[in-house]
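Naming: A, B, ... by sequence-line order, numbering from 1 per chain.
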Amino acid sequence: MSAVLHPSGRGPLEPTRRAQWLAGILVVGYAILSLIPLVWIVMTSFRTPQDAIAYPPKMLAEPSLIGYVNLFTTRSRVSAEELASLPPPTTWYEGLVRDQQMILAGPSRFADRYLNSVLIGFGSTLLSVALGTLAAYAFSRFRVPGKDDLLFFILSTRMMPPIAVAIPVYLMYRAVGLSDTHLGLILLYTVVNLSLSVWLLKGFMDEIPREYEEAAMVDGYTRFQAFVKVVLPQAATGIATTAIFCLIFAWNEYAFALLLTSGTAQTSPPFIPTIIGEGGLDWPAMAAGTTLFLLPVLIFTVLLRKHLLRGITFGAIRK
Amino acid sequence: MKFTHKPSTLAAALLAAGLAFPGAAQAQAKQLTLCWAAWDPANALVELSKDFTAKTGVQMKYEFVPWPNFAQRMLNELNSKGKLCDLLIGDSQWIGSAATEGHYVKLNEFFDKNGIKMGDFMPATVLGYSEWPKGTPNYWALPAMGDAVAFTYRKDWFAKPELQAEFKQKYGRALDVPKTWDEFKQVGQFFQNRTVDGKKVYGAALYTERGSEGITMGVTNTLYAYGFEYSNPKKPYDMKGFVNSAGAAKGLALYKELFDCCTPPGHANAYMTEDLDAYKSGQVAMQMNFIAFFPGISKDPNVGGEKTGFFPIPKGDKQFAQLGGQGISVVKYSDKKDLALEYMKWFAQPAVQKKWWDSGGFTCLRSVLEAPGFETSTSYAKVFLDSMKIVKDFWAEPDYAQLLLAMQKRSHDYVVAGKGSPQEALDGLVKDWTEVFVEDGKLKN
Amino acid sequence: MSTLDIGGRAVPAAGHLAPPMPLKRLQGLSDRALAWLFVGPTILLLLAFNIFPLIWTIALSFTGYRANRPNADLVWVGGSNYSRVLADEDIWANMQATAHFLCWSITLELLLGFGLALLLNKRFKGHSFFSTVILLPMMLAPAVVGTFWKYFFEPQYGIFNHLVAFFGGPAGFTMLGDTTLSPWAIVLVDTWMWTPYVMLLLLAGLRSIPPYLYEAAEIDRASEWTKFWRITLPMVLPFIVLALLFRLIENFKMFDLVDQLTNGGPGSVTELASIHLKREAFEKWRTGYSSALAIILFVAIYGLSLVTVRFLDRVKQR
């Protein structure tokens, strides 16, 4: 029989309409339930600090941008007389700050931290996925001496609790001058993510039948060319999935970022909980920081969605 | 052959760079990094320090870490001789360790040279924030931020005529600021589950945090009130009968009673933030918290202004308040110690200390505190003065962290999780603390 | 006939299956060279970054070193740190709390994640949108999740109690303040956060099942159940075990979510081994002792992983 071609993503048998409906309802139900906390966080970012801790909780509250303003600025409190003696506010956000009997003292370091997170998060993801793909392919296809042991070694690098290695890593970094540098964190996160990316990608690569590369090589492609032209496209789902997991880890990592960085290379996770408002946590500002911080990962995932949900598409080769 | 030219051009380049470098280095040098916890007073200090920059041209950089991670981050830095901080406003408990390990610069000489007298500062703050060993004139920090645990209360609720009447009927006295722990318990029970302004409210928000130091900072207030002592005044580290005396057990039992009778549901892991949230959201009539937060509370739109009053820790057999606060120190590993000392000299000036108070910092300088009109300068000035007269601090030993963690566990197990009896908890605490001191060589087994 | 359509691109096809590999080794870089080139950088990086800290930690575990006493003499204590760890009854309580947490959170995550993946695989309208939406919880930082859930669980101004009452459940409970409820609170929050992880992995696994297998089964008139049992499950099983493996490793180490949420309380009811480790290492500064604890935990997870990987290998050979 000849190879049967199918458009991407569709199985040979479509589930029945009824099954689809049922599936849809269950999934939507779960999605709504699991979204409630997130929606609440986003809503909190648009409330005043008083409404955020309203007792009992308010479903609807007057929206305010004070959370976002507090996130991006530092302020200080002044006495009423001093406030009255100042010239009127020039911008809308200065007005909001003045309403709290405070004055604008300058920008906060949130924007810097955010950029650092982008650089370090995406940088390490790129590196760990690239290296992981190569290694996974090799483990999947070649006879590497000591393969199983090597693979388990790679896995074991993930097992040590970060708390335990935090001090040695800190000292190591101080010694080689990687402390508080972007490169330092990128390398560290890459290393931590390598175990995940190698194992995941090997899992995906194992599922890709070898017949295709071998067919391609018979026809004149080198192993490397076959890898690039034949295997990689089929591994797109696996690569996309792995990239998302790696990014999420690097993006949200807290323990090492806290210890190994300060002024220059600090990322957002250690910074967001420092958003102390007047008297305790500034819930709207923290919610604002959380909301904004979620966006790049979300956008990345949405962009990769096509690859994520593509199935392996190839024809059947009858043996 | 072709290599002979390269070294000379290279050398020339290096030389040029080297000549340029000192200039660049010098332009960089006028900068100090100050490390503290991330909270309101820190923001106030940033504002205040602009004066220092204006006067000396030294740029200030700040490293603020949230309280839950402050100790870990800073102590790690000090333990590894890090150069991140030139100035550090460290917790009073770190003094023992910092002095013994040589993390801080000893300040006696500096003080003498610049006419800074420790007598100018409130004695309790000198003892608590600067001295190690305690009670000896060895100074490792300048008292920077005075603080203690005290209470805020809803003056507006206390003033309601119907509540006044009901309370008078029930307890035979006016509903007023509690002066003793018994009175406090009565007020707490009175408000517990009462409907005020259409909402169910509760008696008090107390410290119950398991994680860092919360419940200890709360429990010590009732413990001290009934005779708890850290050790025999005549024999250091002799704890039996002082830590686990009958009075101490009574104090611990009282804290559990207050937790059970008079706190909001779910208030089982609360420290500064949670108590603030409970109070500001209108859940409780009284709130235990550090005085450092009182300026912010008094300005709160919901509960500030005339609605809030303050009172110091109530009396049992004795009256003590748990000490908070910090001193400012110069880090031994800094390359800019002289510059850092300049900052300290500036900070110690009476005029600057006055401005520090005005912007929300809690000065320890007597000339500011004892000036006429200070007590009434703000709604919380009086409770600050009164509280600082009755402060008592936790261990400041180099091993304070282990002592603290043991007390956290024992207190939380008993007060919140209801395990065992107060006497058992304190006996267990003596055992834990003895182990720490034996390991440290301060006690023989 | 002469080209294969792979992912929409034409690739020259073989007229027949490829001859065995050894003949191909001479084309371009040999496979052996490629293998080392591909695997080399990974191994090198891992060695550089992992060996030193691991050796350091092992070395420290035999000393009485305290990081807050850097100037004190280094005392060799042999295995006494290890015996003290194993003799400490608190550690066993921690391990129990950890086991409860691991067991329940992973079971729930696997069940829910697999269920969701199967449902999403039915490709109903909007399935790709909802699959992205469901992923959101795992994109948050664990410390932030812990902080906000603490806020949600607060009975007075948090929404959790109100929602439960809304759906007809009991009011007046405190998730975090109750010694029986708080272990379930941490399971709940972890499941909420990481079910999407399992779902994503399993969905990708489901999508990689070649359609011709189902086609063949259809031709043989297999029932839905048979198709699931004989095709879907075996093909997805490696991914399920992979998900199990990684969730196991992650949750064993994880502490910032639970630390923020409960601090290990009330009492020490939710004090996981990892939280205890943090306290020993960074609050009590008993570096030698905590290194021993870390090594013990490492050995435990190493053992568990070994078992899981063996299982994975067997599953793959089916």
Side-chain angles (χ1 to χ4, degrees), chain A residues 5-6 11-13 15 19-20 23-24 26-27 31 34 37-38 40-41 53 55 57 131 134-135 138 142 144 157-161 163-165 168-169 172 191 194 203 207 214-219 222-224 233 237 241 248 252 254 269 290 294 297 301-302 305 309 311-314 316, chain C residues 5-7 11-14 18 24 27-29 31 34-35 38-39 41-42 45-46 49-50 52-53 56-57 119 122 124 128 130 132-137 139 141 143-144 148 152 156-157 159 192 200 204 207-208 211-212 214-215 218 238 242 249 253 256 274 277-278 281 294 298 301-302:
Chain A
L5 299 172
H6 293 281
L13 275 78
Q20 280 188 323
L26 286 172
V27 168
S34 81
L38 263 164
W40 196 261
I41 293 178
I53 51 169
Y55 159 59
L131 288 176
L134 295 177
F142 302 148
V144 179
T157 63
R158 202 181 182 81
M159 296 179 197
M160 199 59 163
I163 283 297
V165 294
V169 172
M172 200 167 84
V191 164
L194 268 177
E207 302 287 314
E214 288 168 8
M217 288 195 296
V218 161
D219 271 23
T222 63
R223 168 67 75 175
F224 189 72
T237 305
T241 309
I248 288 177
N252 290 323
Y254 181 83
T290 305
L294 190 55
V297 183
T301 307
V302 168
R305 214 165 65 174
L309 303 177
I312 295 203
T313 70
F314 47 81
Chain C
D5 195 323
I6 296 180
V11 173
K24 298 296 134 209
Q27 292 195 351
L29 267 175
D31 281 357
L34 267 181
F38 278 13
V39 169
T42 298
L45 261 183
L46 288 176
F49 278 81
N50 280 284
F52 172 69
W56 175 286
T57 307
L119 292 173
K122 302 260 185 250
F124 52 88
S128 96
F130 280 105
T132 313
V133 156
I134 291 183
L135 288 182
L136 283 170
M139 297 185 194
V144 168
F148 273 108
F152 295 143
Q156 277 74 252
Y157 53 66
I159 52 171
W192 174 81
L200 185 60
R207 290 294 165 91
S208 59
Y212 68 77
Y214 290 111
E215 249 180 79
E218 183 66 11
L242 213 53
I249 296 179
K253 298 184 311 190
D256 45 2
S274 49
L277 179 63
K278 183 210 179 215
F298 177 71
I301 190 61
Y302 193 91

Practice item. Give the C-alpha distance, both sets of side-chain angles, the deciding distance and a yes or no for side chain to side chain contact (heavy atoms under 4.5 Å, CB included) between L136(C) and L294(A). Key: CA-CA 8 Å; L136(C) 283 170; L294(A) 190 55; 4.3 Å; yes
For residues [X] and [Y], report the shortest heavy-atom separation together with the two atoms involved.
X	Y	result
T57(C)	P168(A)	OG1-CG, 4.1 Å
I134(C)	V27(A)	CD1-CG1, 3.8 Å
K253(C)	M160(A)	CD-O, 3.6 Å
M172(A)	F49(C)	CE-CD2, 4.2 Å
F152(C)	I41(A)	CZ-CG1, 3.9 Å
K278(C)	I163(A)	CA-CG2, 3.9 Å

Side chain, backbone, both or neither: which part of [X] has an atom under 4.5 Å from a heavy atom of chain C?
X	value
V144(A)	side chain
I248(A)	side chain
L131(A)	both

Exercise for review: Quick one: which of P57(A), G203(A), A135(A) has the most heavy-atom pairs under 4.5 Å with chain C, could you say?
Suggested key: P57(A)
Study note, to complete from the structure: Scored by heavy-atom pairs under 4.5 Å with chain C, the best of A164(A), A31(A), S34(A) is S34(A)
How long is the straight-line distance from [atom2] of [Y] back to [atom1] of [X], given to the nearest 0.5 Å?
X	Y	atom1	atom2	value
K122(C)	L26(A)	NZ	CG	11.5 Å
L34(C)	T222(A)	CG	OG1	7.5 Å
I159(C)	W40(A)	CD1	CH2	5.5 Å

Given a strict heavy-atom distance threshold of 4.5 Å, which part of [X] is in contact with chain A: side chain, backbone, both, or neither?
X	answer
L135(C)	side chain
S274(C)	neither
I249(C)	side chain
L242(C)	side chain
A204(C)	both

Exercise for review: Find the one option among A294(C), P53(C), P238(C) whose heavy-atom pairs under 4.5 Å with chain A are most numerous.
Suggested key: P53(C)
Review point. Which one of W56(C), F298(C), F130(C), F148(C) has the most heavy-atom pairs closer than 4.5 Å to chain A?
Key: F148(C)
Just wondering, do [Y] and [X] contact through their side chains at under 4.5 Å, heavy atoms?
X	Y	result
P161(A)	L277(C)	yes
F142(A)	V39(C)	no
T42(C)	L134(A)	no

Practice item. Check the pair F52(C), V165(A) against side chain to side chain contact (heavy atoms under 4.5 Å, CB included), reporting the backbone distance first and the verdict last. Key: CA-CA 9 Å; F52(C) 172 69; V165(A) 294; over 6 Å; no
